[in-house]
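For reference, the structure is listed below as structure tokens.
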Amino acid sequence: MTAGAGPRRAAIAGWGMAVPEGKLTNAELESRNIGTSNQWILERTGISERRMCAPDETTAGLAIAAGNAAIKSAGITPGDLGMLIVATCTPEQPIPETSSFVAEGLGVRCGAFDVGAACAGFSYGLVVATGLVAAGTDAPILLVGAENLTRVVEPTERGTVILFGDGAGATVIGPSTAGPDGPGVLSWDMGSDGSAAHLIEITAGGSRQPTTPESVAAGAHWMQMNGPEVFRTAVRVVVESSNTALARAGLTTADVDWFVPHQANARIVTAAANRLKIPAERCIVNIDRYGNTSAASIPIALSEAADDGRLSDGDIVLCCGFGAGMTWSSAVLRWGRPA
Ligand code: UT7
């Protein structure tokens, strides 16, 4: 699907992020005596520290803070919003959707819904927003990726606790009609492979295995992950999906000014970038400070890179998310506010 063929494109009008003050450092994890070390974590993941919510901080709270920052950056007010989309796999509670709490926190009454595609949630949401814009939505769309993953990883399980952190990133998306060279989403690709659902999962708390004293005692509410298998699949789908999305825009990796992949593991980013022949200096990587924040990682990376001036108007940006499901999604956009 090529979004730019028509007269309207979805462009990013504003951005923002929010992370908790609390930090979980590699030194703290090493001191837990769970068979890991600062050196191992740094070498195998590139992570030094992650942000961690205090007991009174939650997914929706982070989403509201990031959303308000993006609304301010776009120069609009919450009342201007026409739609609110929240991408998360660590919802505020099972019912209702996290977007309800975020809408209330922002003080809006527009349509609001969650996108559940795990670490691909933000890039899935970007495609959904692109579709809404193409369908004629004029009012700005707020797309937030927000996670509180430290609540769902077992504190002594070294395979997961070393990776995941908390945070939120947000973008305001609006229609742009500047023509072929104007800003906005140029193309995208989405995919999923449900046969890999078992690679990352929380098995209890749903229809298949309701919450019971036994499920809690068995630790079935913690996230379980087959890290090495996810790693191999991730590198393959990032390369394939990125190339597919770029081809749909009539571009190649040589045209990419900035590669903004989901920050899952620095070695996944390096392996994928090498295969795509995108040099390290054109990759946005902040996993050292935040760890893997799932649906929040791409919008946090975009916010930081936009605020520090790395992203310039006209730059070709390739975003690629992947995660539990497995799901993946890539979007190619020309950076710049709607024109
Ligand atoms: O967000 C999207 C979804 N998630 C991901 O994309 C995560 C993808 N996977 C990964 O990032 C990596 O697989 C991990 C970081 C989870 C694990 O790294 P790895 O390089 O795949 O390690 P491994 O599981 O293959 O283990 C290698 C060795 C093993 O020891 P031996 O058998 O070689 O002696 C493990 O027992 O490292 C050991 N090990 C650890 N040692 C210290 C595994 N985890 C740890 C640890 N600390 N945390």
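In this chain, residues are counted from 1 in sequence order. Just follow the structure's listing: the first ligand is 1, and inside any ligand the first atom is 1.
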Near [X], which atoms of ligand 1 are under 4.0 Å from a heavy atom of that residue?
{"X": "R267", "result": "20 (O)"}
{"X": "T45", "result": "15 (C)"}
{"X": "N292", "result": "1 (O), 2 (C)"}
{"X": "I200", "result": "3 (C)"}
{"X": "I162", "result": "48 (N)"}
{"X": "M225", "result": "4 (N), 7 (C), 16 (C)"}
{"X": "V230", "result": "3 (C), 4 (N), 5 (C), 6 (O), 8 (C)"}
{"X": "G35", "result": "41 (N), 42 (C), 47 (N)"}

query = Going hydrophobic residue to hydrophobic residue with side-chain gaps under 4.5 angstrom, can you get from L318 over to V238?
reply = yes
query = In terms of heavy-atom contacts, does CZ of R275 have more than 12 from other residues, nucleotides or ligands at under 6.0 Å?
reply = no
message = A quick test of your reading: do over 12 heavy atoms of other residues, nucleotides or ligands sit less than 6.0 Å from CD of Q93?
response = yes
request  = Report the C-alpha distance between I162 and W40 in whole Å, list the side-chain angles of each, state the deciding distance to 0.1 Å, and finish with yes or no for side chain to side chain contact (heavy atoms under 4.5 Å, CB included).
outcome  = CA-CA 10 Å; I162 60 156; W40 192 95; 3.5 Å; yes
Determine if the distance from [atom] to the closest protein heavy atom is below 4.0 Å.
{"atom": "atom 25 (O) of ligand 1", "result": "yes"}
{"atom": "atom 41 (N) of ligand 1", "result": "yes"}
{"atom": "atom 33 (O) of ligand 1", "result": "no"}
{"atom": "atom 29 (C) of ligand 1", "result": "no"}

inquiry  = If the test is side-chain contact (heavy atoms from CB on, under 4.5 Å), which one of V19, N26, V161, L149 qualifies with R50?
reply    = N26
When you measure from [atom] to every protein heavy atom, which one gives the shortest distance, and what is it?
{"atom": "atom 44 (N) of ligand 1", "value": "W40 CH2, 3.4 Å"}
{"atom": "atom 9 (N) of ligand 1", "value": "G227 O, 3.0 Å"}
{"atom": "atom 48 (N) of ligand 1", "value": "R158 O, 3.2 Å"}
{"atom": "atom 20 (O) of ligand 1", "value": "R44 NH2, 2.8 Å"}
{"atom": "atom 47 (N) of ligand 1", "value": "T36 OG1, 2.7 Å"}
{"atom": "atom 11 (O) of ligand 1", "value": "N265 ND2, 2.7 Å"}
{"atom": "atom 23 (P) of ligand 1", "value": "P228 CG, 4.0 Å"}

ask   = Any N or O of I268 that comes nearer than 3.5 Å to an N or O of ligand 1?
value = no
Is the closest side-chain donor-acceptor distance between [X] and [Y] under 3.5 Å?
{"X": "S48", "Y": "D288", "result": "no"}
{"X": "T90", "Y": "E147", "result": "yes"}
{"X": "Q209", "Y": "S215", "result": "no"}

Ligand 1 versus [X]: contacting region, heavy-atom distance under 4.0 Å:
{"X": "A234", "result": "neither"}
{"X": "T160", "result": "neither"}
{"X": "L163", "result": "side chain"}

inquiry  = I'd like to know if R208 pairs up with E201 as an ion pair, taking the criterion as any Lys NZ or Arg NE/NH1/NH2 lying under 4.0 Å from an Asp or Glu carboxylate oxygen.
reply    = no
inquiry  = Check R282 with D315, please: is the shortest side-chain N to carboxylate O separation under 4.0 Å?
reply    = no
inquiry  = Between F113 and I85, is the side chain to side chain contact (heavy atoms under 4.5 Å, CB included) condition met? List the steps.
reply    = CA-CA 5 Å; F113 61 98; I85 307 172; 3.6 Å; yes
task = Name the option, out of A264, G321, G159, A120, that contains the heavy atom nearest to atom 16 (C) of ligand 1.
result = G159
message = Please find the pair of heavy atoms, one from E304 and one from R289, that lie closest to each other, and give the distance.
response = OE1-NH2, 2.8 Å
Whether W335 and W15 hold their rings parallel, tilted or perpendicular, with breakpoints at 30° and 60° = tilted
remark   = Between D189 and the options S242, S241, S330, the side-chain hydrogen bond (donor to acceptor under 3.5 Å, both in side chains) test singles out S241
